[in-house]
Amino acid sequence: MPLRLYNTSSRNLEEFEPSNGNKVTMYSCGPTVYTYAHIGNFRTFVFMDLLKRYLKFLGYEVNHVMNITDVDDKIIQRCSEEDRSREDLTREFTDAFFKDMESLNIEPASKYPKATDHIEEMQSLIAQLITKDYAYQSKDGSIYFRLDKYPDYGRLSKIDREGLAQTERVSNDEYDKGSIHDFALWKAWKEEDGDIAWDSHWGRGRPGWHIECSAMSMHYLGETFDIHTGGIDLMFPHHENEVAQCVCATGLTFAKYWLHNEHLVIDGAKMSKSAENFYTLRDLLNKGHSSTEIRYLLLSTHYKQKVNLTFEGLRAAASAVERLRELKRKLEKSAVDVENAADQGPIGDFREAMNDNLNISAGLAVIFDWARELNRRLDNEGLSAFEASEALSFLSKIDSVLGVIEDEEIELSKEDLELIKERETARREQNWSRSDEIRDYFKKKGILLEDTPDGTIAVSI
RNA sequence: GGCGUCGUACCCAAGCGGUCUAAGGGAACGGUUUGCAAAACCGUCUUUCGUCGGUUCGAAUCCGACCGACGCCUCCA
């Protein structure tokens, strides 16, 4: 079975066929950098990482662009509250964002364009829309998109405009607009914006939120590209508006495949600051959870399904990862030439599972089935050095998708290595008190010594 | 009101009409193994899939009703 993905555009599973051979163009909505990203944001980023890693596993080359929103209402508000410059604030949280991404072992995108570095591209897109009469300037100088001119509006998110008209939130928010649903492409400068403004043909101001993704995605990936990802909440209005802007400007299809991931909930409830169940990655790390177990938990639930973050779930994730890592350590004990070993394992079954719209649960089941069988053999007849190498090679291939098995090796000092040797001698001589003494010494350092038929393994606790 | 999602054994979770007396992970309990551990392996928790009906030779899977949880409808990953 070829790779099939659920395309929000058609609300159907579709066979994935990139426009340009094995080159895939992919755009993901990134963070607004006015505070630390929360763990729910990272569910989304881990999902796009899984998708990208899997495409690469299948042999695709992925050109992945993720924007950094470094100008918007919340940023301006934060700057004014803290009396900081926009540059200063957004630099701090952009840095924090990249640090968190790295900690979750999320592979960097090919490019992370900042909105403020692409004001020109946005302005030129707006100009095109004005020329084609899809946009107009209101009395206050802002530029709005003219929804009435675009009958397909609402197609992606299945929102119908009649329904829109009835929501209170909109009607309470009247502007000098042609229609109350028209959205801003360019926001005219207001006093509270301070010095956060750029010159344009239409006067000083700043870009609307949606225009940055339209301008930057097309700038880096072309007017039509393969995959657009984002959290399910962005479907409307953000992605709907992106589509409107691009399609009206170019007359072409914008993104071919739209992939939206579900949200994360905490103990089954929506995460919110008032419910006191709001966590950043840092919060969880400070509570003693590892970034690996967090990544595994975020990864192990299908992306179209809400993932429930619980502390019990995190512990379960940690155990599951440890199971695979333990197997890897055992294999390493007897492997020889991993570099040259062909991978040997149920790679086809794994691919089959993942090709079904990234059915990670089924994929993991394949891996754990394989792991149990291998452990059984290790317990019974044992593996040859060559077989162990082949198994390791398989594990490494799988981990190129999962990104949770590879672990930093414990660094043992010369003295520690000597002690381990001494213990092995003591054990041979049945000197159990000395042997246990050494094991206790390591335990106090947070290292567990496990005795296997192939020798002693040091594991960090 | 509109659009959409979901309810599977102690917990998480796959399943998309027969191979389901339900994959996989976690927890617990027993056993094997081990100098003791740790890890691993074996077994139990599993005739059951929110409830009630219907369709079918056959349903966790399709249809209907009901109950329950939830998301979006211009702040939002």
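Just so it is clear, the values below take in all heavy atoms, side chains as well, and ignore hydrogens, waters and symmetry mates. Residue numbering restarts at 1 for every chain, and letters A, B, ... go by the order of the sequence lines. What you are looking at is a predicted structure, and each value in this text was computed from that prediction instead of being measured.
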*Asks:* What distance, rounded to whole Å, do you find between the two C1' atoms, one in B/G35 and one in B/C12?
*Replies:*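 Pairwise C1' distance, B/G35 against B/C12, rounds to 38 Å.
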*Asks:* Do the ring centers of A/Phe225 and A/Phe254 come within less than 6.0 Å of each other?
*Replies:*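 When the ring centroids of A/Phe225 and A/Phe254 are compared, they turn out to be within the sub-6.0 Å range.
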*Asks:* Any donor-acceptor pair, under 3.5 Å, between the side chain of A/Asp451 and the base of B/C36, if you only look at N and O atoms?
*Replies:*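 Answer is yes: a donor-acceptor pair is held.
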*Asks:* Without decimals, in angstroms, what is the distance between A/Glu240 CD and B/C72 P?
*Replies:*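 Those two atoms, CD and P, are 17 Å apart.
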*Asks:* Taking OH from A/Tyr296 and C1' from B/G26, how many angstroms apart are they, rounded to a whole number?
*Replies:*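 A/Tyr296 atom OH is separated from B/G26 atom C1' by 9 Å.
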*Asks:* With a 3.5 Å cut-off and no angle check, do the side chains of A/His118 and A/Tyr220 form a donor-acceptor pair?
*Replies:*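 Yes, side-chain donor-acceptor contact under 3.5 Å.
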*Asks:* OP1 or OP2 of B/A40 sitting under 4.0 Å from any side-chain N/O of A/Thr452?
*Replies:*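 False: A/Thr452 side-chain N/O out of range (4.0 Å or more) of B/A40 OP1/OP2.
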*Asks:* Can you tell me, in whole Å, how much space there is between the P of B/A69 and that of B/U19?
*Replies:*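 Here B/A69 and B/U19 have their P atoms 34 Å from each other.
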*Asks:* Report yes or no: do A/Thr280 and A/Asp283 form a side-chain donor-acceptor pair below 3.5 Å?
*Replies:*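 Yes, side-chain donor-acceptor contact under 3.5 Å.
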*Asks:* Could you state the CZ-C1' distance from A/Phe183 to B/C76, rounded to the nearest angstrom?
*Replies:*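 Distance check: A/Phe183 CZ to B/C76 C1' gives 17 Å.
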*Asks:* Looking only at atom C1', what distance separates B/A22 and B/U32, rounded to whole Å?
*Replies:*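 Those two atoms are separated by 28 Å.
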*Asks:* Has the side chain of A/His238 got a donor or acceptor that lies under 3.5 Å from a partner of the other kind on the base of B/U74?
*Replies:*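 A donor-acceptor contact between them is absent.
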*Asks:* Which value, in whole Å, describes the distance between the C1' atoms of nucleotides B/A27 and B/A65?
*Replies:*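 Roughly 38 Å separates the two C1' atoms.
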*Asks:* Name all pairs fulfilling the side chain to side chain donor-acceptor pair (under 3.5 Å) condition that reach into residues 93-106 of chain A, sequence neighbours left out, sorted by first residue then second.
*Replies:*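 Sorted result for residues 93-106 of chain A: A/Asp100-A/Arg282.
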*Asks:* Touch check for A/Ile360, heavy atoms < 4.0 angstrom, all strands: base, sugar-phosphate only, or nothing?
*Replies:*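 Answer is nothing: A/Ile360 stays at 4.0 Å or more from every strand.
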*Asks:* Is there ring stacking between A/His38 and B/A77, where the centres must be under 5.5 angstrom apart and the planes under 30 degrees?
*Replies:*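 No; centroid distance or tilt outside limits.
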*Asks:* From CH2 of A/Trp209 over to P of B/C76, roughly how many Å is that when rounded to an integer?
*Replies:*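 Roughly 3 Å, once rounded to whole Å.
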*Asks:* Please work out if A/Asp379 contacts a base, only the sugar-phosphate, or nothing of the nucleic acid, heavy-atom cut-off 4.0 Å.
*Replies:*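 Here A/Asp379 touches the bases of the nucleic acid.
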*Asks:* Using a heavy-atom cut-off of under 4.0 Å over every strand shown, decide if A/Lys304 touches base, sugar-phosphate, or nothing.
*Replies:*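 Answer is nothing: A/Lys304 stays at 4.0 Å or more from every strand.
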*Asks:* Could you tell me how far B/U51 sits from B/G7 if I compare only their P atoms? Round to whole Å.
*Replies:*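 Per the computed distance, 13 Å lies between those P atoms.
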*Asks:* Would you say the side chains of A/Asp148 and A/Tyr153 form a donor-acceptor pair under 3.5 Å?
*Replies:*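 Per modelled atom types, A/Asp148 and A/Tyr153 side chains form no pair under 3.5 Å.
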*Asks:* What residues, two or more places apart in sequence or in another chain, satisfy ring pair (Phe, Tyr, Trp, His ring centres under 6.0 Å) together with A/Phe278?
*Replies:*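 A/Phe278: ring pair (Phe, Tyr, Trp, His ring centres under 6.0 Å) contacts with A/His38.
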*Asks:* Is A/Arg423 touching bases, backbone alone, or none of the nucleic acid, heavy atoms closer than 4.0 Å?
*Replies:*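 Base contact.
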*Asks:* Need one value for A/Gly40: base, sugar-phosphate or nothing, where a base atom within 4.0 Å counts as base even if backbone is also close, heavy atoms only.
*Replies:*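 Base contact.
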*Asks:* Under 3.5 Å, is there an N or O donor on one side and an acceptor on the other linking the side chain of A/Arg376 and the base of B/C42?
*Replies:*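 Counting by modelled atom types and ignoring angles, no donor-acceptor contact under 3.5 Å is found here.
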*Asks:* Is there side-chain contact between A/Lys149 and A/Tyr136, with at least one heavy-atom pair below 4.5 Å?
*Replies:*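 Result no, sub-4.5 Å side-chain heavy-atom pair not found.
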*Asks:* Could you report the tightest heavy-atom contact between A/Phe350 and A/Gly363, atom names first, then the distance?
*Replies:*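 In terms of heavy atoms, the two residues are closest at CD1-O, 3.6 Å.
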*Asks:* Will you find, in the side chains of A/Ser157 and A/His239, an N or O donor that is under 3.5 Å from an N or O acceptor?
*Replies:*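 Absent: no donor and acceptor within the cut-off.
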*Asks:* For RNA chain B, produce a single dot-bracket line, 5' to 3'. Pairs: Watson-Crick or G-U wobble, both distances under 3.5 Å. Symbols: ( ) within strand, [ ] crossing, | other strand, . unpaired.
*Replies:* ((((((((.[[[..)..(.....]]].(((((.......))))).....[[[[[..)....]]]]])))))))....
*Asks:* Using a cut-off of 4.0 Å between protein heavy atoms and nucleotide atoms, how would you tag nucleotides 7-24 of chain B 5' to 3' with B, S and -?
*Replies:* ----S-SSS-------BS
*Asks:* State whether a side-chain donor-acceptor pair under 3.5 Å links A/Glu242 with A/His228.
*Replies:*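 There is such a pair (donor and acceptor under 3.5 Å, judged by atom type) between the side chains of A/Glu242 and A/His228.
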*Asks:* Just call it for A/Gln430: base, sugar-phosphate, or nothing, with non-hydrogen atoms closer than 4.0 Å on any strand.
*Replies:*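 No contact.
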*Asks:* Establish, from distance only, whether the side-chain atoms of A/Asp454 and A/Thr452 form a donor-acceptor pair under 3.5 Å.
*Replies:*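 Side chains of A/Asp454 and A/Thr452: no pair found under 3.5 Å.
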*Asks:* Between B/A38 atom P and A/Asp436 atom CG, what is the distance in whole Å?
*Replies:*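 Rounding to the nearest Å, CG of A/Asp436 and P of B/A38 are 13 Å apart.
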*Asks:* Any residue in residues 93-109 of chain A with a heavy atom nearer than 4.0 angstrom to RNA chain B? Just list them by number, or reply none.
*Replies:*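 The answer is none.
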*Asks:* Taking atom P of B/A39 as reference, at what distance in whole Å does atom NZ of A/Lys443 sit?
*Replies:*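 Atom NZ in A/Lys443 sits about 11 Å away from atom P in B/A39.
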*Asks:* Should the side chain of A/Arg439 and the base of B/A37 be counted as holding a donor-acceptor pair, with the cut-off at 3.5 Å?
*Replies:*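 Result: at least one qualifying N/O pair found.
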*Asks:* Under the side chain to side chain donor-acceptor pair (under 3.5 Å) rule, what pairs show up with a residue in residues 303-314 of chain A, not counting sequence neighbours?
*Replies:*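 Checked against side chain to side chain donor-acceptor pair (under 3.5 Å) - neighbours excluded - the pairs reaching residues 303-314 of chain A are A/Tyr303-A/Asn357.
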*Asks:* Nearest-Å distance, CD1 (A/Ile410) to C1' (B/A38)?
*Replies:*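 In whole Å, B/A38 C1' lies 13 Å from A/Ile410 CD1.
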*Asks:* Nearest of B/A39, B/G35, B/C72 to any side-chain atom of A/Glu450?
*Replies:*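 Taking heavy atoms from C-beta onward, the closest nucleotide is B/A39.
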*Asks:* Establish, with yes or no, whether the OP1 or OP2 oxygen of B/G25 is under 4.0 angstrom from a side-chain nitrogen or oxygen of A/Arg323.
*Replies:*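 For B/G25, OP1/OP2 do have a side-chain N/O of A/Arg323 under 4.0 Å.
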*Asks:* Is the ring centre of A/Phe93 less than 6.0 Å from the ring centre of A/Tyr36?
*Replies:*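 Yes, they do, as the ring centres are separated by less than 6.0 Å.
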*Asks:* Starting from P on B/G25, measure out to CD1 on A/Ile405 and report it in whole angstrom.
*Replies:*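 About 14 Å, once rounded to whole Å.
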*Asks:* Can you find a side-chain donor-acceptor pair between A/Tyr441 and A/Asp416 that sits under 3.5 Å?
*Replies:*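 Short answer, yes.
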